[in-house]
2 protein chains.
Amino acid sequence: MRSYGQYCSIARALDVVGDRWTLLIARELLLQGPCRFTDLKRGLPGIAPNLLSTRLKELEEAGLITREDAPPPIATVLYTLSETGTALEPVLKALGLWGLRFMTEERPDDAFQARWLAYAPEWFTTDADPDAPPAVIQLVAADEAAVVELRDGQVRTRLGRATEPDLLLEGPPRAVLGLINGLIDLERATSIGLTATGRTDLLTRLRPDDQDRGRTRDASRA
Amino acid sequence: MRSYGQYCSIARALDVVGDRWTLLIARELLLQGPCRFTDLKRGLPGIAPNLLSTRLKELEEAGLITREDAPPPIATVLYTLSETGTALEPVLKALGLWGLRFMTEERPDDAFQARWLAYAPEWFTTDADPDAPPAVIQLVAADEAAVVELRDGQVRTRLGRATEPDLLLEGPPRAVLGLINGLIDLERATSIGLTATGRTDLLTRLRPDDQDRGRTRDASRA
DNA sequence: CGGGATCCTCTGCGATACTG
DNA sequence: CAGTATCGCAGAGGATCCCG
């Protein structure tokens with residue numbers, strides 16, 4: 001990317017990660033861990049392979065990722081985030097939290113993956129009752145499944161299905177994620193296609209972080 | 001910007017602010033407050049006017065800024081951040097904090113402005129001794145001046161010069177900012193051109209936030 | 001089949017000039 | 001001062017092909 005030519009840490013950060021696709025590549029590596037070229041390509045629907053190749057070179061040169069020849073079983077290259085790359089996590093969290101406000105807009109052709117279903121609760125919600133017994137919530141949206149585990153005051157997630165979830169939330173992505181992230185309430189989520197089976201009381205326990213959202217009324221500059 | 005076509009809040013955020021210059025425009029409006037076209041142009045050295053014009057339209061359409069005809073005295077248009085736009089502050093802070101690690105690299109042709117000197121201490125440092133009496137530090141770099149005030153446990157900054165600062169830090173931007181942000185120590189800062197006059201003990205009080213930095217040795221690519 | 005490289009097209013960006 | 005008009009070029013997107 002062409003440099004902004006400004007001695008400002010924001011501009012310098014954007015010199016490095018301001019290019020198209022770059023932060024999304026970091027997102028994939030952060031969520032997936034070390035990846036092969038194809039893993040990244042699958043996690044980034046829409047990216048052209050040559051562009052991915054270019055970006056990976058640039059990121060390696062900038063010191064955000066390393067490429068290693070994986071050990072014998074998989075004789076291929078693995079891309080891994082360096083410490084500098086891993087340090088982007090707060091940036092992605094801040095960006096993702098801010099971006100939640102645009103998730104209510106419908107765009108039916110958007111791609112959707114289980115991983116994006118999973119990271120949202122882990123990054124953007126808190127267990128409101130940390131001392132309560134463990135609980136398991138199953139999320140299903142657009143054939144993608146993720147499990148949310150409330151345990152020890154932590155909200156952890158993983159891909160796939162649980163055997164006996166306490167609560168099952170199933171419906172279109174914007175219903176499931178909208179409810180989880182506090183963009184809409186259960187009634188509204190139900191009206192746009194969500195089915196909630198089981199202990200819906202767990203929804204009050206899985207509390208969305210309110211960094212800046214939540215004040216629908218009034219506004220910024222009083 | 002062309003949409004990433006992914007139902008993921010990070011991707012959606014980048015759909016809105018991922019374009020070149022967009023986040024830097026937000027930076028200017030956040031640091032300066034409401035701006036005229038020319039104020040923005042001056043704060044963004046290197047931007048082409050047509051591109052600034054295009055971005056302002058896009059940002060208005062996306063709801064991040066509003067344009068208002070300013071009252072009679074200045075009969076011109078003012079661009080102001082909306083609540084959605086103001087909510088980008090955590091994103092810019094995270095990005096700026098991450099970007100600090102690239103500030104040690106020398107690039108003599110980079111533009112530099114007092115505002116970028118001022119926001120760094122306010123955003124990225126803490127008063128390590130909140131109960132100590134107020135103190136004033138004068139920063140001067142590349143003919144740009146800013147004042148840091150330690151008071152009531154807060155680190156506040158403003159542009160310009162103080163009458164009787166307790167400490168004066170003067171030198172090239174990377175010496176002043178590098179020292180302030182904990183990228184280098186006083187000895188190293190002095191060796192690259194910093195002069196510190198007055199109560200250098202205040203430097204221990206102005207403590208850089210250590211989100212991920214502070215490990216100068218060993219470093220990124222282990 | 002994984003990991004790219006190559007080619008072509010087209011949009012977006014940068015630079016400068018110009019206008020109300 | 002606040003933009004618009006024009007133009008050239010770099011970068012993105014898409015498809016195809018290549019190699020181990």
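Just so it is clear: chains get the letters A, B, ... in the order the sequence lines come, proteins before strands, and each one is counted from 1.
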Indicate for each nucleotide in nucleotides 10-20 of chain C, in 5' to 3' sequence, whether protein heavy atoms under 4.0 Å reach the base (B), only the sugar-phosphate (S), or nothing (-).
-> ---SBBB----
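Here the side chain of B/Arg12 pairs a donor or acceptor atom with the backbone of A/Glu105 at under 3.5 angstrom.
Contact annotation: B/Ser53 side-chain N/O to D/dT4 OP1/OP2 distance is under 4.0 Å. Checking the phosphate oxygens (OP1, OP2) of C/dG4, a side-chain nitrogen or oxygen of A/Tyr79 falls inside 4.0 Å. The shortest distance between the side-chain N/O atoms of A/Lys57 and the OP1/OP2 oxygens of C/dA5 is below 4.0 Å. Note on B/Thr38: every side-chain N or O is 4.0 Å or more away from OP1 and OP2 of D/dC1. For the OP1/OP2 pair of C/dC1 and a distance below 4.0 Å, the side-chain nitrogens and oxygens of A/Arg42 include no atom meeting the criterion.
B/Asp15 has its CG atom 15 Å from the C1' atom of D/dA12, to the nearest Å. When the P atom of D/dA15 is taken as reference, atom NZ of A/Lys41 falls 11 Å away, rounded to whole Å. B/Asp69 has its CG atom 12 Å from the P atom of D/dA2, to the nearest Å.
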Quick one: side chains of residues 14-24 of chain A, donor-acceptor pairs under 3.5 Å with protein atoms, not counting sequence neighbours, listed by atom name and distance.
residue : atom : partner  : partner atom : Å
A/Asp15 : OD1  : A/Tyr4   : N            : 2.8
A/Asp15 : OD2  : A/Ser3   : OG           : 3.0
A/Asp15 : OD2  : B/Arg107 : NH2          : 2.9
A/Asp19 : OD2  : A/Met1   : N            : 3.2
A/Arg20 : NH1  : B/Arg2   : O            : 3.1
A/Arg20 : NH2  : B/Arg2   : O            : 3.4
A/Thr22 : OG1  : A/Asp19  : O            : 3.2

Kindly list each side-chain donor-acceptor pair under 3.5 angstrom involving residues 136-146 of chain A, sequence neighbours excluded, with atom names and distances?
residue  : atom : partner  : partner atom : Å
A/Gln138 : OE1  : A/Ala162 : N            : 2.7
A/Gln138 : NE2  : A/Ala146 : O            : 3.1
A/Gln138 : NE2  : A/Gly160 : O            : 3.1
A/Glu144 : OE1  : A/Ala114 : N            : 3.2

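Across every non-hydrogen atom of A/Ala62 and B/Phe102, the tightest pair is O-CE2, 4.4 Å.
Residues B/Glu60 and B/Lys57 are not paired through a salt bridge, judged by the lack of any N-O separation under 4.0 Å between the basic side chain and the carboxylate.
In B/Glu68, the CD atom is crowded: over 12 heavy atoms of neighbouring residues, nucleotides or ligands sit closer than 6.0 Å.
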